[in-house]
Protein chains: 2
Amino acid sequence: MADGYHHGNLRQALIDAGIKIINESGEEALSLRKAAAACNVSHAAPYAHFKDKDELLEAIKKSVTDKFTEDLEDAVKNAGSADEALIAMGRAYISFFSRNPDYFMFLFGKQNISAHLQMNKEDKEDYPPFLLLRKYYKKHLKENGIKLSSEEQEIELIKTWAIVHGMASIACMKGVNTSFDWNEPDVRLIT
Amino acid sequence: MADGYHHGNLRQALIDAGIKIINESGEEALSLRKAAAACNVSHAAPYAHFKDKDELLEAIKKSVTDKFTEDLEDAVKNAGSADEALIAMGRAYISFFSRNPDYFMFLFGKQNISAHLQMNKEDKEDYPPFLLLRKYYKKHLKENGIKLSSEEQEIELIKTWAIVHGMASIACMKGVNTSFDWNEPDVRLIT
DNA sequence: CTCTAATCTTGACAGTGTCAAGTTTGGAGT
DNA sequence: ACTCCAAACTTGACACTGTCAAGATTAGAG
């Protein structure tokens, strides 16, 4: 079933091969033909499963985003309070991209973030990591008895996201050495 | 001089043509051959001025970064206090990338930021926008009579940069609609 | 006025994404 | 059990890419 004319599970195999190539040699190095070759399949075989190179790329992004979201959820699991959860999430966020800087460019560079998430334009912010942030931020407001207008909440939410996302971005700039250990980010950076 | 065998100023012409192509069709669309064609020059002519495609890309990044730095410096000019300067800078930072989202990916995606800035590894943070930030941050500390340890300063500095840079990054994510006007960023987002 | 070194052209090569046309085959419907 | 179709895959081709080698041109130093 795996070595006949039909591969059996080429779609997933191409995604896995793609991730492996990106991990080993960067996004630049990924070509449809190489991914196909890695699956022992002819150069045009991928077109049975993906309309485009972009469509393969989006599938890979989806896969990486899932892994990222899992990391964030794991970080939140052992948190006692919402405040602890938010900090743990921030550190996990930065740590994830610090450990895999290529993924940062891959996920946020180039294309719109919307593509690999099937966002509909009405439902604006269904980016899973952002959903998680929103959830624990609201919990944090409740636990600490803080009352904010929804507009003010929105601002605080974006600010929180921005600082963590900005940290991750900076951590991924190899040229800008900041003497911080981004793998185990200083708590003071986030709070 | 401009239409003979020798172009006269091909190097700069290639940079300009490259920027134009990126502006009109995105980074993907830029090829050495197209840039060469835009300068009415054969496909291998660029190799007299750039060793690589990457070397052209770096030259273009340098050019864009210069424009970006100019914007920040302009924003700071009319500020009365350091506090005002910092806010104006933050807004200009976000506004610049909000107006040219392609540049964000172009400058910060893919390659190390270090390459197009000729950073030496000892002198870590000579990224011009960051230098500007540091300058006005120190002025802010002095004007307000705030005393911080240099370590604490470093943390605050990175946090400030991160929040603004994160905002810019978020503003460039077309999929994540946040209902803010990033062109004229809300002051509350930065402070 | 000469000649060298920088600049540019021409031609070639391997690698890329993509399409069109043909081949194989699992599996549904009889 | 047999047929046959649609999905999966192959083969071959095309235009385009970055890069290099070899040659042509020419500006400008001497």
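Numbered from 1 within each chain, the chains take letters A, B, ... in sequence-line order. Quantities reported herein were computed from a predicted structural model and do not represent experimental measurements.
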Which listed nucleotide ([options]) is nearest to the side chain of [X]?
X: A:Ser31; options: D:dT10, D:dA21, C:dG17; result: C:dG17
X: B:Tyr47; options: C:dG11, D:dG18, C:dC8; result: D:dG18
X: A:His49; options: D:dC9, C:dT7, D:dT19; result: D:dC9
X: A:Val41; options: C:dT18, D:dT10, C:dC8; result: D:dT10

**Request:** Could you pick out which residue, B:Arg33 or B:Leu10, lies toward the 5' side of DNA chain C when each is mapped onto its nearest nucleotide?
**Result:**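 Closer to the 5' end of DNA chain C: B:Leu10.
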**Asked** Is there side-chain contact between A:Phe97 and A:Leu107, with at least one heavy-atom pair below 4.5 Å?
**Response**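 Yes, side chains in contact.
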**Request:** Ignoring backbone atoms, establish whether B:His43 has a side-chain N or O less than 4.0 Å from OP1 or OP2 of D:dC16.
**Result:**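 No.
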**Request:** Considering just the side-chain nitrogens and oxygens of B:Ser42, establish if one lies under 4.0 Å of OP1 or OP2 belonging to C:dC8.
**Result:**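 Result: no.
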**Request:** Establish, from distance only, whether the side-chain atoms of B:Asp71 and B:Tyr93 form a donor-acceptor pair under 3.5 Å.
**Result:**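 There is no such pair (donor and acceptor under 3.5 Å, judged by atom type) between the side chains of B:Asp71 and B:Tyr93.
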Rounded to the Å, how far apart are [X] [atom1] and [N] [atom2]?
X: B:Ile21; N: D:dC16; atom1: CD1; atom2: P; result: 14 Å
X: A:Leu56; N: C:dT16; atom1: CG; atom2: C1'; result: 14 Å
X: B:Asn9; N: C:dT7; atom1: CG; atom2: P; result: 11 Å
X: A:Arg11; N: D:dA8; atom1: CZ; atom2: P; result: 11 Å
X: A:Leu14; N: D:dA8; atom1: CG; atom2: P; result: 12 Å
X: A:Glu28; N: D:dT17; atom1: CD; atom2: C1'; result: 13 Å
X: B:His7; N: D:dT26; atom1: NE2; atom2: P; result: 15 Å
X: B:Lys34; N: D:dA15; atom1: NZ; atom2: P; result: 16 Å

**Request:** Look only at the side chain of B:Asp181 and the backbone of B:Asn183, and say whether a donor-acceptor pair between them is shorter than 3.5 Å.
**Result:**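 Here the side-chain-to-backbone pair exists.
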**Request:** Could you label the plane-to-plane angle of the B:Trp182 and B:Phe180 rings as parallel, tilted or perpendicular, counting under 30° as parallel and over 60° as perpendicular?
**Result:**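 Aromatic pair B:Trp182/B:Phe180 classed perpendicular.
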**Prompt:** Parallel under 30°, tilted from 30 to 60°, perpendicular over 60°: which one fits the rings of B:His165 and B:Phe104?
**Reply:**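 B:His165 and B:Phe104: tilted rings.
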**Residue met sooner reading DNA chain D from 5', once B:Lys51 and B:Ala29 are mapped to nucleotides** =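 Result of the comparison: B:Ala29.
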